[in-house]
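What follows is a short report on a single structure.
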Amino acid sequence: MSAGTIEPTTGAPETLPATRWIEGTPSLHRITTDISRPMEARPGRGWWICFAISSLAVLNLLGMVTYLFAKGIGIWGLNNAVGWAFDITNFVFWIGIGHAGTLISAILLLFRQKWRTSINRSAEAMTIFAVMCAGLFPLIHMGRPWDAFFIFPYFPNQRGPLWVNFRSPLVWDVFAISTYFTISLVFWYLGMIPDLATLRDRATTGIKKLVFRVLSLGWNGSQRTWSRYEIVSLVLAALATPLVLSVHSIVSTDFATSLVPGWHTTIFPPYFVAGAIYSGFGMVLTLLIITRQTMHLERYITTNHLEAMAKVILLTGSLVGYAYATEFFNAWYSGNVHERFHFINRATGPYAWCFYLMVLCNVLTPQIFWWKRARRNIPVLFVASILINVGMWFERFVIIVVGLHRNFLPSAWGMFYPTVFDVGILVGVFGLFFTLFLLFIRALPMIAMWEVKGVSHG
Amino acid sequence: MAERFLVGSFGEPEGLLAAVSTLRDAGVAIHDVFAPYPVHGLDQAMGIRRSRLPWITLLAGLGGLCFALAFQYYTAVFDWPLDVGGKPENSTLAFVPICFELTVLIGGLGTVGAFLLRARLFPGKREQLPVLGVTNNVFALVTPLQGEGNEAELARQIMLENGADEVEERETES
Amino acid sequence: MRTRGIVFGVVLLGAGGGLIARGATRIGVHQGYAPEQPIAFPHKVHAGDNQIACLYCHSGARTSRHAGIPSASVCMNCHSLIEKQTTEIQRLKEAVQQRRPIVWTKVHNLPDFVYFNHSQHVVSGVACQRCHGAVEQMDRIEQASPLTMGWCLGCHRAEAHVPTSTFTRVAANVRNRPTPFAGEDCTSCHY
Amino acid sequence: MNRRPTCEDAAPREADGDPLVQIGLPTGTRSTGFEATRRDVLSLMGFSLGALGLGAGCRAPVQHAVPLPAASIEMVPGVPNLYATTCGACSAACGLVVKQRDGRPIKIEGNDASPLTGGGTCAAGQASVLSLYDDGRLRGPMWLGNAVSWAEVDRHIRSVLDARGRDARDVVLLSQTITSPSTRALIDELRAVFPRFRHVVYDPLSLAALREANRRAHGAAVVPHFLFDRARVVVGLDADFLGTWLAPVEHARQWAQRRTAGTDRGFHVQVESGVSVTGSNADLRLAVAPSQIGAVAVALLAAVTRRMGGDDPGSFGAAGLTQAAPHAVAIEQTAEALVRNRGEALVVCGSNDLPTQIVVAKLNAVLGSVDKTVDLAHPSLQRQGDDAALPALIDDMNRGAVHALMVWGANPVYDHPDGAAFRAALNKVALTISFADRRDETSAHVHAVCPDHHFLEAWGDAEPVSGHFSLRQPLIAPLHETRAAEESLLAWAGRTTDHRSYVRAFWKRALYKPAAGAAAPDAFDDFWERTLERGAIDLPRPPVATHAFAADLEESVREIVARANRAGGDHDGYELALQETVGARDGRHANNPWLLELPDPITRLTWGNVASIAPVTATALGVSTGDVVTLTTETGKLELPAFIQPGQHRHTISVAVGYGRWAAGKAGDGVGGNAFPLARVANGLRTTSARVTVTRTGRRARLSPAQTHFSMEGRDIVQTLALAPSEHEHEHEKLPDLWRERLHGAHAWGMSIDLDACTGCSACVVACQSENNIPVVGAEQVRKNRIMHWLRIDRYVEGDGEDAQSLHQPMMCQHCQHAPCETVCPVLATTTSSEGINQQVYNRCIGTRYCANNCPYKVRRFNWHNYTANDDFPYNMTSPLGRLVLNPDVTVRSRGVMEKCNLCVQRIQLGKNQALLQRRPMADGDVATACQQSCPTGAIVFGDLADAGSRVSKLLAGRRAYRVLDDLGTRPNVGYLKRLTREEES
């Protein structure tokens with residue numbers, strides 16, 4: 001996380017001015033009012049436009065999923081050769097997105113990174129929404145979603161001693177993702193309690209007050225509670241950090257433990273984690289750039305924050321690029337005919353264009369962040385963040401589909417062509433994600449007031 | 001019966017800190033301090049011992065670990081040892097991920113639960129604020145008011161000296 | 001007072017959850033199902049009082065997957081000789097005269113994805129009552145057992161003599177034993 | 001049937017809707033549908049106790065059981081009965097044993113007792129049970145297009161037949177070859193009834209030339225009975241005798257008997273233009289244009305005679321072959337082999353060209369094959385058609401010389417080049433009758449349609465080969481108001497006997513020879529019963545008188561040589577070659593979805609035919625697979641998608657016949673194009689080839705291939721073994737195992753597949769589909785690579801020239817002991833059974849498809865849609881009638897579950913149960929899987945690997961045994977025997 005460390009470790013502090021994480025020194029009250037404004041002021045046109053578009057996408061999602069349940073997943077382009085495509089691609093993609101949030105809050109908290117304070121709240125929210133989107137796919141990709149509960153080892157049941165297969169990475173997924181979701185949610189909510197109390201005390205209308213009163217659990221800022229509170233946050237951070245790493249490692253075992261050429265690789269866990277953080281930061285960047293403009297929070301989400309994230313992206317992006325290279329080397333070095341063919345096919349086969357698009361977006365794009373001017377240039381950052389998300393989606397697509405469509409027996413080779421339902425659901429889930437986020441920035445403090453206060457005055 | 005307190009409100013944490021330490025030197029008991037964010041050094045000043053919650057985390061985590069191991073072993077080896085791809089019935093390595101996840105899950109939830117209990121935070125609890133704005137920009141120092149007034153006077157004195165904007169007497173409603 | 005409310009809520013939730021769980025585990029379990037039949041045939045009288053062997057009428061159970069419901073002609077083997085007349089017997093005889101099949105209502109309905117073979121069990125010496133209950137005491141036949149997979153397995157494991165725990169299995173060295181009659185494989189019942 | 005009635009269904013409606021209930025049986029077939037009943041919903045809400053109080057009718061899904069009014073001894077509900085009968089799918093009339101369950105035939109098996117086929121079947125035969133339940137069949141007789149009663153239609157017909165002028169004009173019965181002796185006798189009797197009665201016979205795929213050649217050569221116009229098992233060297237000239245020609249099941253069996261007989265494997269040369277099943281199995285395959293087949297025969301004859309030191313080749317004008325026949329070297333080599341094995345050599349020719357057949361007859365005569373491998377004395381009685389007869393008949397009809405015309409088992413409007421003329425001529429006939437089971441291309445234009453039974457509903461007999469008889473008995477009461485054609489004829493002839501008694505009487509009269517002396521009165525009854533039970537019997541027949549070869553060879557050779565030289569070595573244009581394929585055959589089964597969806601073993605295409613073009617030719621023409629081309633011959637024009645076919649002769653375009661029906665029925669109409677009109681009847685013989693011009697249309701067609709990539713990519717998938725003189729046993733290296741081996745039960749079921757014996761005929765594919773209730777998904781889904789077959793026959797091609805080598809490999813679940821699919825299933829829906837079966841539990845499966853992704857053999861099949869009772873898939877599983885074919889012992893899979901081969905576990909359980917009932921241990925051979933049973937060459941052997949003495953154990957211990965993708969460590973219980981490659985004969 002060295003890239004995230006902003007305090008200069010070498011050189012005398014007085015020669016180098018410490019990075020300012022908040023423009024000026026607003027009064028405590030000013031901080032409160034600034035950050036509460038989005039929730040109290042009427043939303044601007046920008047918000048409404050975004051919300052309209054994304055909620056349309058959600059409607060489309062609802063319709064298509066309903067049709068999916070009615071007709072079966074035959075409406076997708078899947079077939080005997082390619083059993084997973086958009087569905088699991090989306091799943092892994094969203095899980096990846098869900099990584100930056102907890103990472104920013106947990107790891108940066110452990111590293112005592114001050115710059116997390118302005119962005120951790122929205123990053124965590126993003127995590128939660130992303131995991132929700134991801135969680136949709138294991139359900140709807142099933143042939144018989146109405147029997148989805150079979151995957152939980154529950155009691156009592158009718159079938160006696162038949163449980164689930166704890167050797168299956170899919171079961172690991174179930175536990176990993178539900179754990180990750182729960183812990184992230186708790187962490188997010190816990191961090192919000194003091195701010196909820198603030199809002200409660202600012203609230204004027206009765207209903208608002210009531211809601212915030214229930215949510216804030218009667219918080220009154222007692223120092224004794226504060227001291228326990230900080231301990232608990234640290235503990236949660238300490239738990240969440242390995243959790244973040246474990247989740248995508250486990251997701252990667254869906255592929256790594258199989259014997260499909262291109263899936264069956266030991267570097268997948270670190271490679272997937274790096275990719276996840278990479279795409280996660282990409283998405284945080286996208287979201288923050290939009291919100292700081294629309295919600296006028298430039299004072300709290302400064303270019304310094306964006307630059308710090310750009311550095312993380314540069315690092316993880318390079319890691320990902322390294323992993324790509326390693327895969328090819330291993331395939332060649334293994335001498336395994338199936339492995340070798342897979343990677344030749346990846347680079348020259350019918351899906352080669354996906355592969356090169358992925359390399360372009362994930363390996364080349366972040367290299368621009370070697371230049372400080374690029375790191376601090378909002379348009380560049382924005383475009384880059386979009387490209388990164390596109391690239392990471394295609395990375396998963398390439399791994400999954402190219403791995404499946406031509407493997408061991410040439411007689412069973414096939415192609416995957418997406419249908420309107422594949423694309424529609426992909427779009428719809430983006431809609432769901434943004435809808436949730438837009439509602440969040442209107443309903444809850446998207447910046448941790450108490451932490452900002454601590455940073456600016458503490 | 002209603003307790004009576006002396007509440008001093010500060011606009012800045014520095015004065016608060018000074019007041020707290022002076023009060024303790026003067027031997028005045030401090031009921032509690034209320035702040036919009038955790039003020040560093042206040043714990044030492046007030047002499048709050050470090051919380052023992054991490055032990056709860058350890059216990060809960062271990063509990064989760066043991067449960068996960070035992071459950072997976074029971075289902076896969078004892079209850080119905082099905083032949084899954086010729087793998088050994090006790091595929092311990094394959095059980096590791098879930099063991100880890102349950103350790104974290106139960107450890108984390110246990111800690112938070114314990115914290116909420118210990119801090120007596122629960123939905124619907126009516127907050128008790130010494131002064132309005134402790135969740136916004138006010139730092140409140142609260143000392144109990146015993147019978148003899150001179151100690152109260154002393155406390156009031158110290159607070160005002162250390163830049164309290166206002167010092168007033170309050171009663172807990174009950 | 002507020003805390004008491006909370007406790008009450010928790011208890012209520014728990015109770016509701018328990019009730020739902022209990023109901024959920026009963027989906028498709030029709031234990032106690034005793035539909036009306038076109039002819040009120042009392043097993044009590046036939047199997048109980050008159051001691052007619054089950055396999056006399058349900059002869060399929062010995063040779064076939066289905067125990068089968070006897071043709072009216074089988075009933076007439078006796079009833080053509082028996083003087084006793086009731087409205088029910090009258091109905092039977094009408095059906096026989098008109099060679100009209102009697103549409104009985106099936107009581108024991110396994111899900112379509114389960115293969116159950118009566119002969120296998122009868123030959124292995126499983127008493128009919130073990131699954132069908134004390135038929136000889138029933139006036140109207142009813143489903144005595146839950147017929148769930150767990151229920152089947154209970155018996156299969158007891159009868160299979162296949163130790164289920166690894167250690168005892170290794171000790172008993174299952175490999176050198178003949179296949180147990182009561183299979184424990186999924187494909188014993190599902191294919 | 002797989003739907004459980006809910007309380008809304010009144011019992012009577014259920015009874016009407018469900019024929020099973022009508023015949024008084026518990027409803028059989030099972031499904032994994034998700035059927036929440038109202039009670040379930042309630043109980044989910046936690047009110048199950050309350051629900052107990054609800055009315056019995058609506059509380060649980062009500063099922064009814066309706067016993068037979070009177071008990072039957074023969075039929076115990078749930079117990080299958082096996083009856084021997086005779087196949088009616090083609091004129092080969094193979095012996096069958098049909099599995100009848102709860103009063104309805106559900107599965108066709110070969111009859112081991114049949115001396116000809118010995119238990120094998122073909123794809124069409126396997127599928128014919130589905131035709132029984134075809135919705136397209138007529139429900140009863142029709143007069144002028146209206147459904148009427150038999151009485152009425154008989155009245156009409158009789159009135160016309162008895163009308164004046166009948167003795168002035170002909171009464172004609174037009175049929176394809178009839179191999180039934182009793183029916184032939186019946187037809188002879190008709191001659192007496194109708195003074196001017198004529199029986200016109202034609203075959204869509206004719207062997208008239210062969211018969212004529214034998215008449216001239218040996219004085220008997222017969223199709224010889226070929227004995228491949230007696231031939232060490234077989235030369236096939238344009239005769240797909242393993243796939244479709246004459247009696248493929250019998251031939252394949254004989255051929256395999258020779259090929260798998262230890263080291264003396266025999267040598268098989270195939271000379272053909274397109275790639276056929278036979279060609280793909282030959283040791284040496286020569287691609288030759290149809291016009292050059294004769295030249296090759298002549299060259300072969302010349303080479304042979306030269307070696308035999310007999311009369312000088314020049315003497316019969318072979319020298320005139322200015323342009324040397326192609327493949328000179330290979331021909332010399334073949335001649336060498338033939339001569340060295342004279343007496344054990346066999347040359348078969350499928351060409352309908354008289355001179356060629358005469359030369360071939362001469363070849364067989366020279367090689368001393370006659371009466372050894374070519375049996376003229378007891379010939380085959382198939383393909384007796386006279387190609388000249390139908391055109392003549394059309395003339396007579398147009399002249400008004402035909403009073404009444406009965407069309408039986410023939411569809412000339414579709415399958416004859418003069419079909420249009422025939423259809424027009426029908427109007428000139430006072431009375432036209434068809435016995436077709438549907439309103440097909442021909443019967444749609446006749447006055448009276450008198451639907452014949454399906455052969456599974458009918459009595460009958462057959463004599464496909466002189467002296468080899470078999471009996472046919474009904475497996476089910478006629479489903480519709482149909483009547484045996486024989487009975488119709490008898491009725492119109494004023495006879496009242498029913499068909500059964502007629503057949504029985506005929507056998508008593510004509511065939512039954514009472515044992516000398518003791519002729520007990522009921523002796524015939526015993527004989528009849530025994531024969532019915534056995535199905536097949538051999539009875540003495542007087543041999544056909546023949547003489548030594550005495551035909552004008554020179555003339556034939558001269559003609560061939562002239563033609564060959566005319567065609568010239570440098571073909572300016574292209575030739576068309578019509579082919580029969582194992583699925584479509586001559587098109588009579590065109591409405592059978594199993595056959596339509598059966599991937600052709602050569603092209604691996606389903607649902608339609610194509611124009612097969614050699615790669616070089618395709619480049620020259622600038623077409624690629626899928627481009628629609630127009631084929632124009634002098635008699636017709638047809639647009640078909642091109643298909644690039646390695647091994648195809650570069651100047652020949654091959655097209656499969658049997659497609660392009662327009663009145664076959666819902667499934668078969670408009671599938672592919674009809675190629676019959678492309679070839680004509682030339683000087684009294686139907687040709688199967690013609691000059692053709694190929695032009696691009698610029699349009700593209702969307703094919704439905706079951707396989708798109710034919711190269712093995714240099715992987716060791718189909719392994720071959722050079723037949724070396726040293727027979728050293730090599731021991732299989734045991735791969736290291738990470739884990740302690742799991743404990744197993746008493747059995748370890750496994751299978752061995754002999755790639756040297758497998759011809760790719762695909763009978764097993766249909767057998768599997770029929771046994772395991774595998775749905776038909778239709779062209780669109782196949783195109784999406786969603787075909788459901790559990791057992792597929794992969795074809796790999798090595799090389800892309802005319803000498804490309806095809807390799808067939810049946811591929812199904814390999815039942816790995818270290819199964820990759822099992823580890824990844826989250827819900828334990830697939831595990832290894834204690835008997836080594838990789839078991840798939842449908843009702844546990846939630847459809848994550850992880851198993852299929854992780855299966856290196858890609859043999860798992862997923863139910864992408866609901867294929868039963870779903871109007872999007874209007875095949876047999878959606879029609880109440882069609883569902884009668886389903887196997888009640890096998891679950892019908894619902895949407896969203898994975899399925900795959902389970903080694904016919906229902907048969908294993910049945911075998912175990914029978915052993916249990918008989919209180920005996922299981923023996924090797926107690927259980928035969930559907931694929932094994934149907935295989936005519938015995939390439940598939942199933943058994944217990946735990947029993948070292950079982951056949952399968954021995955085979956898999958041999959030097960040819962190997963496992964596919966063994967290096968993955970999957971430890972399959974299904975093993976393959978390497979295909980043997982022949983060293984050069986020298």
Under a 4.5 Å heavy-atom cutoff, which of [options] has the most pairs with chain A?
{"options": "E822(D), Q781(D), R795(D), R792(D)", "answer": "R792(D)"}
{"options": "N870(D), V827(D), T848(D)", "answer": "T848(D)"}
{"options": "A829(D), A706(D), C845(D)", "answer": "C845(D)"}
{"options": "S711(D), C825(D), P820(D)", "answer": "C825(D)"}

Relative to chain D, which of [options] shows the most heavy atom pairs under 4.5 Å?
{"options": "V82(A), I151(A), I88(A), I400(A)", "result": "I151(A)"}
{"options": "K71(A), R167(A), R159(A)", "result": "K71(A)"}
{"options": "W84(A), F150(A), W163(A), W172(A)", "result": "W84(A)"}
{"options": "L78(A), L170(A), V174(A)", "result": "L78(A)"}

Checklist entry - What's the shortest heavy-atom distance between V164(A) and V171(A), and which atoms? => result CG2-CG1, 4.2 Å
Checklist entry - Can you name the nearest heavy-atom pair linking R895(D) to F69(A), along with the distance? => result NH2-O, 2.6 Å
Next on the checklist: Within the 3.5 Å criterion, strictly below it, is a donor on T89(A) or D87(A) matched to an acceptor on the partner's side chain?
Outcome noted: no
Next on the checklist: Strictly below 4.0 Å, N to O, side chains only: are D794(D) and R604(D) in salt-bridge contact?
Outcome noted: yes
Next on the checklist: Classify the ring geometry of F397(A) against F86(A): parallel below 30°, tilted from 30° to 60°, perpendicular beyond 60°.
Outcome noted: perpendicular
Checklist entry - Hey, does the Lys NZ or Arg CZ of R893(D) hover above the aromatic six-ring of Y842(D), less than 6.0 Å from the centre and inside 45° of the axis? => result yes
